[in-house]
Amino acid sequence: MLSVDRLEKSFGTVKALDGCSLEVKSGQMLGLLGPNGAGKTTLMRGVFGLIRPDAGVISWNGSPIDQATRRRFGYMPEERGLYPKLGVRWQLVYLARLHGMNESEAERTADRWLAEFSLSDRASSKVNELSHGNQQRVQLIAALIHEPELVILDEPFAGLDPIASEFMAGVLADLAEKGTAILFSSHQLDVVEDLCQEVVIMHRGRVVLEGAVDELRAASDTRYVETTGGSTSWVSDLPGAEIVHRSGGRARVRLGLDSSLEAIAGVLSGSGITQFVYEPPPLSEVFREAAKS
Amino acid sequence: MTGLGLVRMAAWREVYSRRKAFLITTALAVTLVVGGLIVAAVTGSNDGPPAIAVGVVDRAAVEPIETEIPVHVYGEVMVSVAGFEREEGMVLLRSGEIDALVVDAHSVLWAPSAPRWIVDTVVSTMTQINLSTTAAELGLDDAALAALQTPIVGETIDYEPDDEGVMLVSVITVIVMFIAILAYGQWIAYGVVEEKANRVAELVLGAITPTQLLTAKMVALGGLGLVQLTIVAGAGLGTASLLDQLEVPDVAASAWGWSVFWFVLGFAFYGSVYAAAGSLAADSQEAGSVITPLNILPGLGYMVGVIAFSSGADVVARIMSLIPFWTPMLMPGRVATGSVETWELVLATVLMVAATAAVVRIGARVYLGGITQSTRKVGWRQAFRGGSDLVTR
């Protein structure tokens, strides 16, 4: 289990981390959300010893993280990092060996991952000869090739098309199922919502919200009613309700927790509505609210 | 994998990724050195030994003069003596085709370009011929004449100083050391910039400490530099001795030995400076503005060395060779000239080792501070402070 406890780090007058704490358990896939400058990348770099925190502790299974421990971690930095002029397979084997695999094991694993990612025919290509999507795949293999116990990915879905995103999400889900602890940051909240059971939202160097996605949504004091057909005259019958969107025969209405489901059903009946959905706000709104507060 | 194993792996990557550049530059350097020596040998052989051309008006005197001249010259000489009418001889003399025109036994005319040694040779040749003639007229035989002339006994001592060869070795040593330190130092710097700019450093630093990564770079590129030096020097010395045109002075071998010694220290010194500089730049575009100013340091040693060793003015080179910035470039050449006192060598070594130890530590700390500053450009001081954060990592 990765444990980050009250981490602090300042760069000059800028406080990048301000008492940030979180945990990632084996087999857990934790989404790290936060606006730009929230401290997500600094936190990740701290795990890999690329910055030294001013205060706080980062530990793995209860012990401080040293070089030997770090070699059991996998990292995908935000701005991709590979040797552009070296062959794909060559550098995957090199990185695997740096992380402790022997040569034949590293070669075997590299070949297996390349085949799995449909990149076998590009094994001897230089990285800078690959398309953006394929470079991203190689980058992911580089983070995973040594079968790490903890994988940290900084914006792994940035710049990927939906098919590539889905593919990458599938790979990560498989890994988590096999027991790997995964921490990743993303601005694509829909992907996070689909992929993670739990998220952490950071703002100004602190964790401002954390928990299961469903619980975080449910904890919001906002609800939405989405209706199909009929009129919207019922909206004025509910205190604080307001129409946020209307198009075609559909309407989306925001309201508070003070209107019970029974009360809503009561005002809706007789307004000609054929279908309605009552739901908490999406993760993106929870995220925005947390960032605002 | 042990720490040593990690360093070996990372060093192998450095060598592997530069294998083509290394082969090309080595082939180029060998071609230049060997080609240069061959060209020098071919054009040099056209010059041949020094020549002396003498015209003689009295044709009967041609043969005795031709026979006598070599006796009065030290070493090999091309002699051509021919009979001409006086007017014809004057024309040749003016055009410089002959150096001297012997008008009669007591009168010689010189070409304006005739060097001193030719004047001396012709004068002593004519004096000897006149002496023999007068002696014969007086009825003295050759033995009697020889008895009259007190011979001067001379002997060449064993040691033959090869000043020109030594000078050449010194100058070449300075040039080679300068190029090696500059080229391989820059390889380190730009390699560091590349790793920082494309963030691969962050990936690698998850598995290997910055100190190990820096050590791997220094060992790999310093090793490549040394191998290249050996190949180029070996090819040059081998070609020179095969062609038999240039005498390879013994000092070349000792200069080579000292070059290796100073290169190792010099590369540790400059390599860590260049690595530190490389870690400050954010990308290769701005790398030049950080790295290029550093080239002034070895450049100064190069300039002073070339001027000092080719002119023989040793004072500035002597002082500078004791200062660690320039010791690696100047000391091997000074050792070749044989002008180094033992205490100077000891002092230079002590200073260089101490300075290298300090610079490696400071350089490593700046490198740590710079390489981990993601893709930002950082200043020397900022990186130095940042490096202390990670020094115990």
Side-chain angles (χ1 to χ4, degrees), chain A residues 9 11-12 41-42 44-54 64-87 90-103 106 126-128 135 138-139 142-143 145-146 148 150-152 154, chain B residues 1-3 5-21 190-213 216 279 282-284 368-376 378-379 382 385-393:
Chain A
K9 178 71 188 175
F11 296 107
T41 299
T42 305
M44 292 180 168
R45 288 164 58 82
V47 176
F48 286 92
L50 298 169
I51 54 136
R52 176 183 274 192
D54 300 331
I65 297 171
D66 58 8
Q67 193 203 354
T69 312
R70 219 170 267 131
R71 286 166 64 208
R72 305 201 307 269
F73 297 169
Y75 183 38
M76 184 165 169
E78 183 181 8
E79 284 167 50
R80 309 301 168 227
L82 289 168
Y83 293 101
K85 288 173 195 152
L86 278 180
W90 198 96
Q91 62 186 306
L92 288 176
V93 171
Y94 167 69
L95 289 169
R97 294 202 64 198
L98 273 191
H99 283 87
M101 280 187 159
N102 67 40
E103 194 172 355
K126 289 176 185 168
V127 167
N128 60 3
Q135 285 189 22
V138 175
Q139 193 76 54
I145 188 162
H146 53 288
L150 167 72
V151 179
I152 294 188
D154 202 352
Chain B
M1 195 178 280
T2 61
L6 288 169
V7 170
R8 211 171 44 223
M9 278 293 304
W12 167 236
R13 193 208 65 80
E14 295 286 342
V15 172
Y16 179 82
S17 57
R18 285 178 180 79
R19 64 199 187 286
K20 277 187 197 151
Y190 283 97
V192 169
V193 173
E194 189 193 25
E195 279 183 348
K196 180 180 169 183
N198 66 24
R199 296 266 190 142
V200 73
E202 299 197 359
L203 210 60
V204 173
L205 290 175
I208 179 170
T209 64
T211 317
Q212 288 168 334
L213 188 58
S279 75
D283 53 45
S284 48
L368 306 191
I371 195 79
T372 49
Q373 284 293 310
S374 60
T375 54
R376 282 188 300 153
V378 279
Q382 190 191 354
R385 276 200 303 268
S388 73
D389 263 9
L390 299 143
V391 117
T392 52
R393 180 183 187 267

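We name chains A, B, ... by the order of the sequence lines, and we start the count at 1 in each one.
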Visitor: Is it the backbone or the side chain of L86(A) that comes under 4.5 Å from a heavy atom of chain B, or both, or neither?
Guide: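 For L86(A), the contact with chain B is made by the side chain alone.
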Visitor: If I measure from the heavy atoms of chain A, does A10(B) come under 4.5 Å with its side chain, its backbone, both, or neither?
Guide: both
Visitor: In terms of ring plane angle, is the pair Y16(B) and W90(A) parallel, tilted or perpendicular, where the classes change at 30° and 60°?
Guide: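 Ring orientation, 0 to 90° scale: parallel.
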Visitor: Identify the two heavy atoms, one from L203(B) and one from Y75(A), that lie closest to each other, and give their separation to 0.1 Å.
Guide: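 Minimum heavy-atom separation between L203(B) and Y75(A): CD1-O, 2.8 Å.
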Visitor: Count the heavy atoms belonging to other residues, nucleotides or ligands that lie under 6.0 Å from CZ of R18(B), then report whether that count exceeds 12.
Guide: yes
Visitor: Is it the backbone or the side chain of Q139(A) that comes under 4.5 Å from a heavy atom of chain B, or both, or neither?
Guide: side chain
Visitor: May I ask you to test the R13(B)-L98(A) pair for a side-chain heavy-atom distance under 4.5 Å?
Guide: no
Visitor: Please round to the nearest 0.5 Å and tell me the distance separating atom CZ of R199(B) and atom CG of D154(A).
Guide: 8.0 Å
Visitor: Please report the closest heavy-atom contact between A207(B) and R71(A), naming both atoms and the distance.
Guide: O-CD, 3.0 Å
Visitor: Could you check which of A142(A), A143(A), P77(A), A68(A) has the highest count of heavy-atom pairs closer than 4.5 Å to chain B?
Guide: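 Highest number of heavy-atom pairs under 4.5 Å: P77(A).
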Visitor: Name the region of Y94(A), side chain, backbone, both or neither, that has any atom closer than 4.5 Å to a heavy atom of chain B.
Guide: both
Visitor: Identify the heavy atoms of Q67(A) and L6(B) that sit nearest to each other, and give their distance.
Guide: NE2-CD1, 3.4 Å
